[in-house]
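Worksheet for the structure shown next.
For the single chain, residues carry numbers from 1 onward in sequence order. Computed from a prediction, not measured in an experiment: that's the story for all the values here. Start at 1 and go down the list; that is how both ligands and their atoms are numbered.
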Amino acid sequence: MDREALESGARRILLGNLRQGRADWNGKEYAFVCPALRSYPFQWFWDSCFHSMALIHLDKELAKAELATLLSAALPSGFIPHMIFWELEKRDDFLSHNLVGRTSPYYSSTMQPPIIAYAVERVYQATGDEGFLRNAVPTLKAYYRWLRENRDPDDDGLIAILQPEESGIDCSPKYDDALHLEELTNQGFIRELKKLYQAYEPIRGDDRRILQADLFNVEDVLVNSIYVFGLRSLVRLMASVGEDGSEFAKEADRSRDALISKCWDEEAGAFFDLSGVAERPVKVITISSLMPLILEDLPGELVRRLVEGLLTSPDHFWLPYPLPSVSASEPKFMPGNPRGFIWRGPTWMNTNWFLSHALRRHGYHELADHIVGASHRLIESGGFREYYNPYNGEPYGARDFGWSTIVLDM
Ligand code: GLC
């Protein structure tokens, strides 16, 4: 597939999934790309960030609108929801399970990986639009402050998630124990989530108390790597508008140090999440174990061990279509698609985007090229789908899936 064909395929999806209008419930205008028209008809936080970085290559005005819409959903507290139901009439029963402390019928009260400052930085670099930047910075500052103040009750520099969907890698086997998941199916997963939400009901809206209740409290490596990555962008954006971002630079360093000192497992040569107030390491090797690679200043020795020991090992992540969402050596690795039980083996474009760029930053250009080449082939043979079999490239999940167009930015 040449660049032109790839761009026209991506344009068809991004424009086809574009939703525009004025919301009845808050009077605000919106313009965003939904992940998939049928299965995901709303605005999702990290999807929108990926869409905006694909749109940079196709339509810069829409790239700005995508992020401006997401930023406009910020609450006075600074929080930005993981799902926003701009078009209420489309709200479907399948979403009724997402009730975690929900304080509004218009958006979820959960978060998603905080990549937004990086997306704003990329869109600003692509457009040079000072007005866009100046509008975004105060909202971003409030958002990252909200995360620090509400999601790090033990004040160790690592933010915590209170249910698995907050990491964006929903059903990853690394959450099975914390969720007490016994029936390994999507239905089993939803059942356990519902129980969790019921238990949260009396303290809904108070995330610090929810985390301290210790029913699900995971200091997640993927989320914290993206947190540090986002904070670093925020510091640069603040410098661009003449503000001092040292408050956030300090926080980024503190979180990076905590990731290394608390989540790195020297013996396994991998990063592991910490579960519960007691911070038990969750020794399951998933795509998350590699995510600290996105940090430019990860110590060289850790970079080398992750790349040589895991990423390029055929026992773990170096499969015909890398990078699988779970290491192939894990007993729970499922390369196929067992009825929407997602993030348990297949390869996704957004994590390939993160890690191919990360490899380049650390000087591994050939490995990055290999991942990009395999990603192109997946799209060429299977279309822009939600995820793919890492052995044979078989496509699965939603069709015309928004963030798979991020391949344009690889
Ligand atoms: C699934 C994914 C999540 C994504 C959402 C919309 O829930 O796990 O990361 O944001 O779909 O695409």
I need the atoms of ligand 1 closer than 4.0 Å to a non-hydrogen atom of [X], numbered in the order shown.
| X | result |
| --- | --- |
| Trp343 | 2 (C), 8 (O) |
| Gly168 | 2 (C), 3 (C), 8 (O), 9 (O) |
| Pro35 | 6 (C), 12 (O) |
| Phe401 | 12 (O) |

For [X], which part has a heavy atom under 4.0 Å from ligand 1: side chain, backbone, both, or neither?
| X | answer |
| --- | --- |
| Ile342 | side chain |
| His82 | neither |
| Phe45 | neither |

Test log, rule ring pair (Phe, Tyr, Trp, His ring centres under 6.0 Å), inputs Phe229 and Tyr118: CA-CA 7 Å; Phe229 192 71; Tyr118 179 75; 4.7 Å; yes

Closest protein heavy atom to atom 10 (O) of ligand 1, given as residue, atom name and distance to 0.1 Å: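 Heavy-atom neighbour on the protein nearest atom 10 (O) of ligand 1: Asp47 OD1, 2.6 Å.
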
Atom 7 (O) of ligand 1: nearest protein contact (heavy atom, Å):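 Protein heavy atom at minimum distance: Asp170 OD2, 2.8 Å.
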
Flag, side chain of Asp170 to backbone of Trp343, donor-acceptor distance under 3.5 Å: no

Under 3.5 Å donor-acceptor, Ser172 side chain and Ile169 backbone: no

Nearest-0.5 Å distance that lies between atom CZ in Arg12 and atom CD in Glu7: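 Between atom CZ of Arg12 and atom CD of Glu7 there are 14.5 Å.
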
Rounded distance [0.5 Å steps], CD in Glu121 versus CD1 in Ile115: 10.0 Å

Trp46, any N or O under 3.5 Å of ligand 1 N or O: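 N/O-N/O distance under 3.5 Å: yes.
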
Any side-chain heavy-atom pair of Trp44 and His82 under 4.5 Å: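 In contact.
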
Within-shell test, Gln112 vs ligand 1, heavy atom, strictly < 4.0 Å: yes

Lys174-Ser288 side chain donor-acceptor pair, cut-off 3.5 Å: yes

Side-chain donor-acceptor pair present, Glu66, Ser48, cut-off under 3.5 Å: yes

